[in-house]
Amino acid sequence: MTQKTQYIIILLTLIVSAFSESSGQNADGALPSDSTEIFKTQPFPDWLHAFTGLNAWPDENPPYIPLEFIDFENIVSDPRREFGTCPPDRSTCSFDCYKCISFDDAYTCPKLSQTFDDGPSPSTPKLLAALTHNTTFFTVGLNVVKYPEVYQQIQQKGHLLGLHTWSHKFLPSLSNEEIIAQFQWSIWAMNATGHHLPKWYRPPYGGIDNRVRSIARQFGMQAVLWDYDSFDWKLESVPPQRTESEIYSDVQRWRHKTWSPAGLILEHDGMPKTVDAGIEISKIIGPDQLTVAECVGGIDYIRTF
């Protein structure tokens, strides 16, 4: 079993558990899974029922809803490819295969700064209680509607919220309609919960090419990639493929790589061990960090309501 396959299994477990997790808060800020108080799922809003004709949030395969502003003629015709495969050259500007960056991708930062993917989760409040700086959280739509109160805690703490698709699919493997659905349902979840439209998105697994970008741009969004991967999710693999000390050693090395530490670090707030690692990394780097929008001098959201 490859490392990427193990990562997918861990994520699928988390997404499935999002439909059955319970809440209540520990002294350390984490939300235990054995509490009798159930998370309050975000109600399906009337305005979304009126627009879609549906009555509930979808499962991991959201339906495509046509949007007037999406012009299919402006979608790049890069071929679809499955997870773990690569195009023969850099012409599609794939980040996961060739670390290719497009002109409007946010991919680095003048200060060494953390970013977190895959939440909100029952572990996120523990991270929020420990952070001494604002950061960026890229949220999975399914988790947003399952844990709306945690999403709102992130927002209330002043952190930036970005999009990480509806159900963490590898976008280059999807049809144009399926990519649109992954974006639109995540945007609707964020709007219903946080009353804003996201400007920044991070493609799961770094899976992006010019076709994905051309769709995201029609939503007004820009991709956010990274300089450094903590591989913190390996802490949760069985057996663990990475230790905390290895991660912290990498962070120390990144801190001392140049006289002025810079770059974006990829981390995760969807799992207890990755949250614990994120807290320690925050202590190593210190509070002088930036959100993605601050890194590039951009806006936080396309619109707030």
Side-chain angles (χ1 to χ4, degrees), residues 25-31 106-139 143 147 149-164 190 194 196 198-202 222 224-233 235 242-301 304:
Q25 197 156 317
N26 283 327
D28 63 2
L31 297 164
Y107 63 93
T108 192
C109 187
K111 295 183 178 181
L112 189 61
S113 299
Q114 297 172 276
T115 62
F116 295 92
D117 291 8
D118 297 352
S121 81
S123 299
T124 304
K126 181 178 181 180
L127 178 62
L128 295 176
L131 291 177
T132 59
H133 58 87
N134 287 342
T135 189
T136 307
F137 289 85
F138 294 97
T139 57
N143 289 338
Y147 307 125
E149 293 179 343
V150 179
Y151 186 93
Q152 291 162 357
Q153 286 179 38
I154 299 172
Q155 186 178 19
Q156 291 161 4
K157 290 279 189 177
H159 300 290
L160 179 63
L161 286 147
L163 180 150
H164 199 42
M190 296 174 72
H196 47 216
K199 172 64 177 175
W200 311 100
Y201 76 101
R202 175 168 281 161
Q222 290 177 245
V224 179
L225 304 169
W226 59 86
D227 298 274
Y228 305 117
D229 192 341
S230 68
F231 292 105
D232 56 352
W233 60 270
L235 296 170
R242 194 157 168 76
T243 65
E244 286 85 351
S245 61
E246 289 173 331
I247 293 174
Y248 306 151
S249 177
D250 280 348
V251 176
Q252 291 285 11
R253 178 166 51 85
W254 300 334
R255 279 188 66 224
H256 297 97
K257 190 173 183 179
T258 61
W259 68 271
S260 179
L264 291 173
I265 303 175
L266 170 62
E267 303 176 50
H268 300 85
D269 66 307
M271 298 167 273
K273 290 183 179 179
T274 64
V275 161
D276 290 341
I279 292 170
E280 292 304 311
I281 292 171
S282 177
K283 295 176 182 177
I284 293 171
I285 299 174
D288 191 18
Q289 302 188 41
L290 302 175
T291 67
V292 165
E294 291 171 332
C295 290
V296 299
I299 61 175
D300 287 346
Y301 302 99
T304 57

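In terms of heavy-atom proximity, Ser121 sits nearest to Val150 at O-CG1, 3.8 Å. For the residue pair Cys295 and Pro110, the shortest heavy atom distance occurs at O-CD, 3.5 Å. Scanning all heavy atoms of the two residues, the minimum distance from Gln289 to Glu294 falls at O-OE1, 4.5 Å. When every heavy atom of Gly263 is checked against every heavy atom of Asp227, the shortest pair comes out as CA-OD2, 3.1 Å. Shortest non-hydrogen contact noted between Asn143 and Gly119 is CB-O, 3.7 Å. For the pair Ile247 and Asp232, the tightest heavy-atom approach, listed with the atom from each and the gap, is CD1-CA, 3.7 Å.
Side chain of Ser113 to main chain of Leu264: no donor-acceptor pair is present (N/O by atom type, distance under 3.5 Å, no hydrogens or angles). A donor-acceptor contact shorter than 3.5 Å links the side chain of Thr115 to the backbone of Ile265. Side chain of Trp200 to main chain of Ala106: no donor-acceptor pair is present (N/O by atom type, distance under 3.5 Å, no hydrogens or angles). Between the Ser230 side chain and the Leu266 main chain, a donor and an acceptor come within less than 3.5 Å of each other. A donor-acceptor contact shorter than 3.5 Å is absent between the side chain of His268 and the backbone of Asp118.
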*Would you sort out whether Leu163 and Thr139 count as a side-chain contact (heavy atoms from CB on, under 4.5 Å), showing the intermediate values?*
CA-CA 5 Å; Leu163 180 150; Thr139 57; 5.9 Å; no
*Step by step, would you call Asp300 with Lys199 a side-chain contact (heavy atoms from CB on, under 4.5 Å)?*
CA-CA 7 Å; Asp300 287 346; Lys199 172 64 177 175; over 6 Å; no
*Step by step, work out the side-chain hydrogen bond (donor to acceptor under 3.5 Å, both in side chains) result for His133 and Ser282.*
CA-CA 9 Å; His133 58 87; Ser282 177; 3.2 Å; yes
*Kindly indicate, with the supporting measurements, whether the criterion side-chain contact (heavy atoms from CB on, under 4.5 Å) is fulfilled by Phe137 and Leu160.*
CA-CA 6 Å; Phe137 289 85; Leu160 179 63; over 6 Å; no
*Given Thr124 and Asp269, is the side-chain hydrogen bond (donor to acceptor under 3.5 Å, both in side chains) satisfied, shown in steps?*
CA-CA 6 Å; Thr124 304; Asp269 66 307; 2.7 Å; yes
*asked:* The test is salt bridge (Lys or Arg N to Asp or Glu O under 4.0 Å); show your working for Asp250 and Arg242 and say whether it passes.
replied: CA-CA 12 Å; Asp250 280 348; Arg242 194 157 168 76; 2.2 Å; yes
_Trace of the side-chain contact (heavy atoms from CB on, under 4.5 Å) decision for Leu127 with Ile279_ = CA-CA 6 Å; Leu127 178 62; Ile279 292 170; 3.9 Å; yes
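In this view, Lys111 and Asp288 satisfy the salt bridge (charged side-chain N to carboxylate O under 4.0 Å, His left out) rule, not counting sequence neighbours. Here Thr243 pairs with Ser245, Glu246 under the side-chain contact (heavy atoms from CB on, under 4.5 Å) rule; sequence neighbours left out. Not a single ring pair (Phe, Tyr, Trp, His ring centres under 6.0 Å) links Phe138 to another residue, sequence neighbours left out. In this structure, Tyr107 has no ring pair (Phe, Tyr, Trp, His ring centres under 6.0 Å) partners at least two apart in sequence or on a different chain. Residues that satisfy the salt bridge (charged side-chain N to carboxylate O under 4.0 Å, His left out) test with Glu280, not counting sequence neighbours, are Lys283. Looking at residues two or more places apart in sequence or on another chain, you find a ring pair (Phe, Tyr, Trp, His ring centres under 6.0 Å) between His196 and Tyr151, Tyr301.
Side-chain contact between Tyr147 and Gln152: absent, with no pair of heavy atoms (C-beta onward) separated by less than 4.5 Å. Contact annotation: the side chain of Trp254 never approaches that of Pro261 to less than 4.5 Å [non-hydrogen atoms, C-beta and beyond]. Contact annotation: the side chain of Pro120 approaches that of Ile154 to within less than 4.5 Å [non-hydrogen atoms, C-beta and beyond]. Considering only heavy atoms from C-beta on, Ile285 comes within 4.5 Å of Gln114 through its side chain. Contact annotation: the side chain of Asp276 never approaches that of Glu244 to less than 4.5 Å [non-hydrogen atoms, C-beta and beyond].
Classification of Arg202 and Asp117 as a salt-bridged pair holds, one side-chain N sitting under 4.0 Å from a carboxylate O.
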